[in-house]
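Atoms within a ligand are numbered from 1 in the order they appear, just like the ligands themselves. We count residues from 1, following the sequence as given.
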Amino acid sequence: MQTIVITGGAGFIGSNFVLHILAKHPEYRVLNLDKLTYAGNLDNLQAIADNPRHTFVRGDIANPELVDHLMKGVDLVVNFAAESHVDRSIMGAQEFMQANALGAYTLLDAARRHQIKRFLQVSTDEVYGSLAPGEAPWTEVSPLAPRNPYSVSKTAGDLMARSFFVTYGMPVLITRASNNIGPCQYPEKRVPLFVTNAIDNLPLPVYGKGTAVRDHLFVSDHCEALDLVLHQGQPGEVYNVGADNDADGEELTKQILDLLGKPHSLIEYVKDRPGHDLRYALDCSKLRALGWQPRCDLKTALAQTVDWYRANEPWWRKIKESWEFRAYYEKQYKKR
Ligand code: NAD
Ligand code: TYD
């Protein structure tokens, strides 16, 4: 039996990955380290509550004593733990630097001392900055040019991970994925926010003129890519993970409304996000050469996401009715 530490495993992608690893790798025991911030949710792990191969530990990746203690006898580490929402980072980035930069360092340092076999840092395409229309998609050697506090804090973690490979020869791998969608995404992010607002006939706040372009990677496709890179990637290397499921804000919002049979009049164009990155696009030929390809195109990924939120209303109502979410929504949208 091998032990894999998965951090942030109560969040959106982390919980999907914990379920993926337990299902696909009977030889692994999972140590799930998560601080349970507003975005961490044990409901995401209900299906494995009684699984003897899963142990949940509530704690902070930036706590050196805790992390050092947990790392004993561990084989692999996958670091998802992070503050993940750009809009919150614009309100204040202290916690972003703490978790995404210092937390990543603390985890890397403990992993180095305990001679972990492989460390996967889950990074983001936002480290590359913003593309103009028509510009070629980023490859793994494109310059890093992050433009908002979230992406800067993630770049710090990403580059720190690389420095541990270069400096200490630690077997570190880095993935940079595009926008994920799918089950269990906290409804502050665009797709789950819009789906759940539309179900309730509330306005869908599209930033600016809805021209910013994003790729939409289905979370299970991301999990398969991470599994492949963790096991077959080359240490020291970076792998882009994207699905070429591009859409701009207006197009995507209309597709969500159409899937739910709701009128386009629910769209409300609101003041743009400051420093809004115009376009992200990834060249993923390096990962495809390892043998990965996404299973879900945009239509399928969106339809499966919409179906999940329709079928799991208690999951998101509990969040949207919480004091935390209401206070955030008020601050972010009502006074916009
Ligand atoms: P999320 O916000 O849903 O979950 C983050 C999880 O990390 C939560 O469970 C939270 O409690 C935990 N956490 C936060 N700070 C912590 C700390 N200091 N110690 C321990 N746990 C802590 O985020 P997500 O969307 O699932 O993203 C997961 C990772 O993937 C992040 O590193 C993010 O930067 C990266 N990523 C996300 C996307 C995306 O579209 N969501 C795309 C590319 C990369
Ligand atoms: P988001 O889900 O916050 O991801 P990211 O900023 O990391 O890409 O936003 C995705 C896109 O949706 C981005 O172009 C901003 C836009 N957006 C809106 O138009 N309205 C919203 O309420 C939110 C949260 C995002």
Side-chain angles (χ1 to χ4, degrees), residues 6-18 32-42 44-45 57-63 66-67 78-90 95-96 98-104 106-107 121-127 130 148 150-151 153-155 157-158 175-182 184-194 197 203-217 219 222 226 240-242 247-250 252-253 267-273 275-280 282 329 332-333 336:
I6 298 177
T7 72
F12 163 45
I13 309 173
S15 62
N16 277 281
F17 189 69
V18 168
N32 183 349
L33 172 62
D34 195 296
K35 189 177 168 183
L36 294 183
T37 66
Y38 76 93
N41 186 349
L42 291 177
N44 300 351
L45 301 167
V57 179
R58 184 174 193 179
D60 190 334
I61 58 163
N63 177 338
L66 170 70
V67 165
V78 183
N79 183 27
F80 291 95
E83 288 294 335
S84 66
H85 194 36
V86 172
D87 289 326
R88 289 192 193 241
S89 80
I90 293 168
E95 283 162 0
F96 287 74
Q98 185 72 21
N100 305 359
L102 186 61
T106 307
L107 209 57
Q121 172 68 11
V122 181
S123 188
T124 163
D125 59 358
E126 301 198 24
V127 300
S130 180
N148 62 59
Y150 162 72
S151 51
S153 68
K154 285 296 292 181
T155 306
D158 179 311
T175 51
R176 297 182 184 143
S178 60
N179 289 49
N180 281 220
I181 60 172
C184 300
Q185 186 168 30
Y186 190 85
E188 67 187 348
K189 302 283 165 53
R190 190 234 319 254
V191 169
L193 177 70
F194 284 12
N197 275 14
L204 275 49
V206 172
Y207 294 166
K209 294 194 168 67
T211 49
V213 175
R214 298 289 186 267
D215 175 29
H216 301 87
L217 172 67
V219 67
H222 189 193
L226 292 168
N240 286 344
V241 191
D248 70 23
E250 187 179 7
L252 187 88
T253 309
I267 296 177
E268 184 178 42
Y269 292 95
V270 299
K271 190 171 168 225
D272 208 353
R273 171 186 284 172
H276 197 166
D277 289 338
L278 192 61
R279 175 176 163 242
Y280 303 144
L282 292 172
Y329 201 78
Q332 176 65 15
Y333 296 100
R336 212 175 172 91

| remark: Atoms of ligand 1 under 4.0 Å from any heavy atom of Tyr150, numbered from 1 in the order shown, are 33 (C), 34 (O)
| request: Ignoring hydrogens and angles, state whether a donor on the side chain of Tyr186 or Asn44 is under 3.5 Å from an acceptor on the partner side chain. | output: no
| query | For Asp158 and Thr155, does a side-chain donor sit closer than 3.5 Å to a side-chain acceptor? | reply | no
| field | Residue and atom name of the nearest protein heavy atom (relative to atom 4 (O) of ligand 2), distance in Å to one decimal | value | Asn179 ND2, 3.3 Å
| note | Heavy-atom proximity to atom 6 (C) of ligand 1 ranks first, among Asp34, Thr175, Leu226, Val78, for Asp34
| field | Per-residue contact class, Tyr150 against ligand 2 - non-hydrogen pairs under 4.0 Å | value | neither
| said: For ligand 1, which is the ligand I care about here, please tell me if Asn79 has any N or O atom under 3.5 Å from one of the ligand's N or O atoms. | reply: no
| note | Near Ala99 (heavy-atom distance under 4.0 Å), the atoms of ligand 1 are 15 (N), 18 (N)
| query | Do we get Arg88 above Tyr38's six-membered ring, with its NZ or CZ under 6.0 Å from the centre and within 45° of the axis? | reply | yes
| task | Identify, by atom number and element, the atoms of ligand 1 in contact range of Gly59, meaning under 4.0 Å from any of its heavy atoms. | result | 19 (N), 20 (C)
| request: Examine the side chains of Glu83 and Tyr150 and answer whether a donor and an acceptor come within less than 3.5 Å of each other. | output: no
| said: When you compare ligand 1 with His222, is there at least one nitrogen or oxygen pair between them that comes in under 3.5 angstrom? | reply: no
| Of Ser151, Gly157, Gly11, which has the heavy atom at the shortest distance from atom 4 (O) of ligand 1? | Gly11
| field | Atoms in ligand 1 flagged as close to Ser84, the criterion being non-hydrogen separation under 4.0 Å | value | 1 (P), 2 (O), 23 (O)
| For atom 22 (O) of ligand 2, the protein heavy atom that lies nearest, with its residue and separation | Tyr333 OH, 2.6 Å
| query | Are the charged groups of Asp125 and Arg176 less than 4.0 angstrom apart, N to O? | reply | no
| message | Is it the case that the side chains of Asn79 and Thr7 hold a donor-acceptor pair, with the cut-off being a distance below 3.5 Å and no angle test? | response | yes
| request: Give the residue and atom name of whichever protein heavy atom lies nearest to atom 16 (C) of ligand 1, and the separation in Å to one decimal. | output: Lys35 CB, 3.8 Å
| said: Give me the nearest non-hydrogen protein atom to atom 1 (P) of ligand 2 as residue plus atom name, then the distance to 0.1 Å. | reply: Arg273 NH2, 4.0 Å
| For Asp34 and Arg58, what are the C-alpha separation, side-chain angles and deciding distance, and is it a salt bridge (charged side-chain N to carboxylate O under 4.0 Å, His left out)? | CA-CA 5 Å; Asp34 195 296; Arg58 184 174 193 179; over 6 Å; no
| Side chain proximity check, Asn197 to Pro205, heavy atoms < 4.5 angstrom | yes
| task | From atom 18 (N) of ligand 1, work out which of Asn100, Val219, Asp60 has a heavy atom at the shortest distance. | result | Asp60
| said: Run Thr211 and Glu250 through side chain to side chain contact (heavy atoms under 4.5 Å, CB included) and show every step you take. | reply: CA-CA 7 Å; Thr211 49; Glu250 187 179 7; over 6 Å; no
| Within less than 4.0 angstrom of ligand 2, does Pro205 place any heavy atom? | yes
| note | When distances are taken from atom 7 (O) of ligand 2, the protein heavy atom at minimum range is Glu126 OE2, 2.5 Å
| Taking N or O atoms only and a 3.5 Å limit, does Ile61 qualify as a polar contact for ligand 1? | yes
| message | I need the atoms of ligand 1 closer than 4.0 Å to a non-hydrogen atom of Ala10, numbered in the order shown. | response | 9 (O)
| Backbone or side-chain N or O of Glu83 under 3.5 Å from ligand 1 N or O | no
| query | When you look at CD of Glu95, are more than 12 heavy atoms from neighbouring residues, nucleotides or ligands closer to it than 6.0 Å? | reply | no
| task | For ligand 1, find out whether one of its N or O atoms is nearer than 3.5 Å to an N or O atom of Phe12. | result | yes
| message | Looking only at protein heavy atoms, which one is nearest to atom 19 (O) of ligand 2, and what is the separation? | response | Tyr207 N, 2.8 Å
| message | Show me which atoms of ligand 1 lie under 4.0 Å from any heavy atom of Gly40. | response | 8 (C), 9 (O), 11 (O)
| Closest protein heavy atom to atom 37 (C) of ligand 1, given as residue, atom name and distance to 0.1 Å | Ile13 CD1, 3.5 Å
| field | Heteroatom distance test (Arg214, ligand 2): nitrogen or oxygen, under 3.5 angstrom | value | yes
| query | How close does the nearest protein non-hydrogen atom get to atom 2 (O) of ligand 2, and which residue and atom is it? | reply | Arg190 N, 3.0 Å
| task | Examine the proximity of ligand 2 to Val270 and report which part, side chain or backbone, both or neither, has a heavy atom under 4.0 Å away. | result | neither
| task | For ligand 2, indicate whether the residue Asp87 contacts it via side chain, backbone, both or neither (heavy-atom separation under 4.0 Å). | result | side chain
| Which atoms of ligand 1 sit under 4.0 Å from any heavy atom of Leu36? | 11 (O)
| task | Could you tell me the residue and atom name of the protein heavy atom closest to atom 15 (C) of ligand 2, and the distance to it rounded to 0.1 Å? | result | His276 NE2, 3.4 Å
| note | atom 30 (O) of ligand 1: closest protein heavy atom, distance to 0.1 Å, is Val122 CG1, 3.6 Å
| Hey, which atoms in ligand 1 end up nearer than 4.0 Å to a heavy atom of Phe80? | 28 (C), 29 (C), 31 (C), 32 (O)
| request: Report yes if some N/O of Thr37 lies less than 3.5 Å from some N/O of ligand 1; otherwise report no. | output: yes
| said: Is a donor from one side chain sitting under 3.5 angstrom from an acceptor on the other, for Asn179 and His216? | reply: no
| said: To check your reading of the model: name the closest protein heavy atom to atom 40 (O) of ligand 1, its residue, and the distance in Å. | reply: Asn180 N, 2.8 Å
| query | Relative to Tyr280, does Arg214 satisfy both conditions: NZ or CZ under 6.0 angstrom from the six-membered ring centre, and within 45 degrees of the ring's axis? | reply | yes
